[in-house]
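Remarks on the structure that follows.
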Amino acid sequence: MTNARIADALEELSVLYQLDGADRYRVLAYTNSARTIRNHGSSVEEMARAGTVTELPGIGETLEEKILALVETGEIPAAAELKEKLPSGLIEINRIPGVGPKTVRRLHDELDVTGPEDLRAAAEAGQVRSLKGLGPKIEENILEGLDRLEAEPEGPERKTLDRMLPLAEELVGALRGHPDCDRAEIAGSVRRMADTCEDIDLIATSHSPKKLATFIAGHESVSSSGNASENGIRLETQSDIGVDLRLARPEAFGNLLQHFTGSAAHNTRLREAAVAEGLHVSEHGIKDGKTGENDRFRTEEEVYERLGYSYIEPTLREDRGELEAAREGKLPDLVERRQVRGDLHCHTTLSDGRNTFEEMAAAAQELGYEYLAITDHSASHGFGDNVEAGRLLEQIEEIRQFNEKGGELRLLAGSEVNIHPDGTLDYEDDVLAELDWVIASIHTGFSRSEATMTARMIAAIEHPEVDCIGHASGRLLTRRDPYPLDYEAVFEAAARSGTAFEINGNPKRRDLSDVHARMAREYGVKIVLNTDAHSTAGLEYMAYAIATARRGWLGADDILNTAPWWKQPLSK
DNA sequence: GCCGTTTTCGGCCCGACTGTTTTCAGTCG
């Protein structure tokens, strides 16, 4: 059972407990454990079976027992009992914004509501407003929420970072250009460079905050907006992306930025730790519980320093051990864009790319790279974009001729070869031996078992001509789940054979993920930052590969393509 | 339900907003 599936089950149980009226801290224990498990790289099922799962923070004996029952029987007894008691439709109703567990429980107890259909009937009949504390406005919200629930049963769509970042930058630019703006910055999950984001968080400081809020509501990308207040404004944009702008006075810029950068889990942990020292942290400052004095800071560095931490980069703020590391001065020196010397995965018109290798080379040189690997698809690739061995050998010769011209950029002759379902590759070894750089990737047969997928990948890892594994999980963010894979086993094999793993920077992939990239480093596996560019513009995806590496605690030393090409420790 | 160089029991982050209320509960991020 995957960690994601275990986390889903615990999250469901937390909702059930909530609807059942359980103590909020008990509910919190379940949601926290779900998050911890979702963020853990190696198999939690194995940890549970080995009796080591209580080593994870926030998981004690009770949760261990429940996780063990889940992986052994496919069900948590407590969840099954609660489902008997509470109609499943109540969980759906709970997803309507503004309708929390307390309200759901009252709708069930007092109006016999069991699901969305009942609720719609009750709301249309005006029964909801008859309950004490509920009124016509809430009834209206419920009906709107039910419509949305029908239209989007999965909830508000999370969007990949590339859809958010340009809009966020444009809006922050507009804010900065306004005379009443002191400083403005992107915050939230966009600033943390998360894989996907639900909305855009912006912060700004101003002496006339309300004027600034009113100004941004008039931006051409804004389709509608809430009320402009001293504290901020909520916007909806033409591209269906929600934007929260938070405002404060200039002297608290650091507090505001720290608070709204999050993550929620990072901030919660930060505030809990501060309370132990009598300090109360909020977006307005750091308050001393004894003296009542509230300190405001202009920079985040000062906020962290006041609380006893070294500065924590936004990409690390996910409650994955960064606070402890910052207290002990053990944060990693994260890789930076300027340290990347080349890109080792791109496509050309030879397979399914849009530009020739000469055009790709020119673009790579523009980016200041020293080398670029041309890695078109291989012989068995579908959609007519396959490259037969004979044609590949011709391209190798063309690339050698290109290099002989003595330009500044060195091209590497490579290929992205398919790993067949049986673990073999789709070029003969003597063809692969002609190449400078071989990436092996899985493009077909995703629905095999974990054991099969793992054996298949290990076969490729151990192949003497393979240098690197491409987009290892096969996930497409918001569209396709990763296939099952035993990461401990593949990283062990890769560390043994000296095979690297890429972080694919395509914003739909970000694969390896941050969690698995970090895990790979712990196993001693070298990482390559690649774009998988299918056009010259695609080379810009390096920014996302770097973001994932930084979220995965990686430094330049962990990454092969921060070194000159001739220093690459090739596996062949 | 978890956790402890203040605690093995009694704590467990902070504030804004909304809709319903004359002082607040519930929800959200």
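Throughout, protein chains are lettered first and strands after them, A, B, ... in sequence-line order, and every chain is numbered starting at 1. Note that this is a predicted model, so its numbers are computed, not measured. Just the heavy atoms: all of them, side chains too, but no hydrogens, waters or symmetry mates, feed the values below.
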Quiz item: Along nucleotides 3-11 of chain B, 5' to 3', which nucleotides get a B, which get an S, and which get a -, given that the test is a protein heavy-atom distance under 4.0 Å?
Solution: S--B-----
Practice problem: With C1' as the reference atom in both, quote the distance from B/dC17 to B/dT21 in angstrom, rounded to an integer. | Solution: 14 Å
Exercise. Considering only atom P, compute the distance from B/dC14 to B/dC9 and round it to an integer number of Å.
Key: 26 Å
Quiz item: When you compare B/dA25 with B/dT20, how far apart are their C1' atoms, in angstrom units rounded to a whole number?
Solution: 9 Å
Quiz item: Which comes earlier along DNA chain B counting from the 5' end, the contact point of A/Ser282 or that of A/Gly135, where each point is its nearest nucleotide?
Solution: A/Ser282
Quiz item: NA contact type, A/Asn267, heavy-atom cut-off 4.0 Å: base, sugar-phosphate, or nothing?
Solution: nothing
Self-check item: Euclidean distance for C1', B/dC13 against B/dG29 (whole angstrom)
Solution: 12 Å
Quiz item: So does A/Glu251 pair up with A/Arg296, basic N to acidic O under 4.0 Å?
Solution: no
Quiz prompt | Sole residue of A/Val515, A/Leu56, A/Val53 in side-chain contact (heavy atoms from CB on, under 4.5 Å) with A/His40 | solution = A/Leu56
Self-check item: Phosphate contact (B/dC2 OP1 or OP2) by A/Thr62 side-chain N/O below 4.0 Å
Solution: yes
Exercise. Just jot down the side-chain contact (heavy atoms from CB on, under 4.5 Å) partners of A/Asp162, sequence neighbours excluded, or say none.
Key: A/Thr160, A/Pro507, A/Lys508, A/Tyr544
Quiz item: Reckon A/Ser33 touches a base, only the sugar-phosphate, or nothing at all at heavy-atom distances under 4.0 Å?
Solution: nothing
Quiz item: Separation of A/Glu272 atom CD from B/dC12 atom C1', in whole Å?
Solution: 6 Å
Exercise. Calculate the interatomic distance between A/Tyr30 atom OH and B/dC2 atom P; express it in whole Å.
Key: 7 Å
Exercise. Please measure how far the P atom in B/dC3 lies from the corresponding atom in B/dT8, and state the result in whole Å.
Key: 16 Å
Quiz item: With A/His471, which residues qualify under ring-ring contact (aromatic ring centres under 6.0 Å, His included), at least two apart?
Solution: A/His443
Quiz item: If we take the P atom in both B/dA16 and B/dG11, what is their distance in whole Å?
Solution: 26 Å
Quiz prompt | Spacing of the P atoms in B/dG1 and B/dT6 (rounded, Å) | solution = 28 Å
Quiz item: Between A/Glu11 and A/Ser14, does any side-chain donor sit less than 3.5 Å from a side-chain acceptor?
Solution: no
Quiz item: Would you call A/Arg550 and A/Glu336 a salt bridge, taking side-chain N to carboxylate O under 4.0 Å as the test?
Solution: no
Quiz item: Any Lys/Arg nitrogen of A/Arg106 or A/Glu110 sitting under 4.0 Å from an Asp/Glu carboxylate oxygen of the other?
Solution: yes
Quiz item: Counting only side-chain N and O atoms of A/Asn32, is one of them less than 4.0 Å from OP1 or OP2 of B/dC2?
Solution: no
Practice problem: For nucleotides 21-29 of chain B, just jot down a letter per nucleotide in 5' to 3' order: B, S or -, based on protein non-hydrogen atoms under 4.0 Å. | Solution: -----SSS-
Practice problem: Report yes or no: does A/Thr196 contribute a side-chain atom to a donor-acceptor pair with the main-chain N or O of A/Arg158 at less than 3.5 Å? | Solution: no
Exercise. Let me know the distance between CZ of A/Arg129 and C1' of B/dT18, rounded to the nearest Å.
Key: 17 Å
Quiz item: If you check every side-chain atom of A/Arg26, which of B/dG15, B/dC13, B/dG1 has the closest atom?
Solution: B/dG1
Exercise. Specify the separation, in whole Å, of atom NZ of A/Lys287 and atom P of B/dC13.
Key: 17 Å
Self-check item: Over 12 foreign heavy atoms within 6.0 Å of CD, A/Glu293
Solution: no
Quiz item: Should A/Glu324 and A/Arg269 count as an ion pair when the cut-off is N to O under 4.0 Å?
Solution: yes
Quiz item: In whole angstroms, how far is the C1' atom of B/dG15 from the CD atom of A/Gln258?
Solution: 14 Å
Quiz item: How many Å lie between CZ on A/Arg24 and P on B/dC12, as a whole number?
Solution: 10 Å
Quiz item: Would you call A/Asp147 and A/Arg120 a salt bridge, taking side-chain N to carboxylate O under 4.0 Å as the test?
Solution: yes
Quiz prompt | P atoms of B/dT18 and B/dC12, separation to the nearest Å | solution = 28 Å
Quiz item: Choosing from B/dC13, B/dC14, B/dC17, which nucleotide comes nearest the side chain of A/His280?
Solution: B/dC14
Practice problem: Have a look at A/Val281 and say if it touches a base, only the backbone sugar-phosphate, or nothing, with a 4.0 Å heavy-atom cut-off. | Solution: sugar-phosphate
Quiz item: For residues 288-315 of chain A, which residues have at least one heavy atom under 4.0 Å from DNA chain B?
Solution: none
Exercise. Check every atom of B/dC12, B/dT20, B/dG1 against the side chain of A/Tyr17 and return the nucleotide holding the closest atom.
Key: B/dG1
Quiz prompt | Separation of atom NE2 in A/His284 from atom P in B/dC13, rounded to whole Å | solution = 18 Å
Quiz prompt | Options B/dT20, B/dA16, B/dG1, nucleotide nearest the side-chain atoms of A/Pro136 | solution = B/dT20
Self-check item: A/Asp109, CG: over 12 other non-hydrogen atoms inside 6.0 angstrom
Solution: yes
Quiz item: Going through the distances and angles, do A/Asp295 and A/Arg306 end up as a salt bridge (Lys or Arg N to Asp or Glu O under 4.0 Å)?
Solution: CA-CA 9 Å; A/Asp295 289 334; A/Arg306 174 70 183 88; 3.7 Å; yes
Practice problem: Using heavy atoms and a sub-4.0 Å distance, could you list which residues of residues 63-72 of chain A are near DNA chain B? By number, please. | Solution: A/Leu63, A/Lys66
Quiz item: Does atom CD of A/Glu65 have more than 12 heavy-atom neighbours, drawn from other residues, nucleotides or ligands, at distances under 6.0 Å?
Solution: no
Exercise. Locate the shortest heavy-atom distance separating A/Glu139 from A/Val128; write the atom from each residue and the value.
Key: OE2-N, 3.1 Å
Quiz item: Are A/Arg183 and A/Phe253 in a cation-pi contact, defined as NZ or CZ under 6.0 Å from the six-membered ring centre and within 45° of the axis?
Solution: yes
Quiz item: Roughly, in whole Å, what's the span from CG in A/Asn227 to C1' in B/dC17?
Solution: 11 Å
Quiz item: Can you tell me the Watson-Crick or wobble partner of B/dG29, both distances under 3.5 angstrom?
Solution: B/dC14
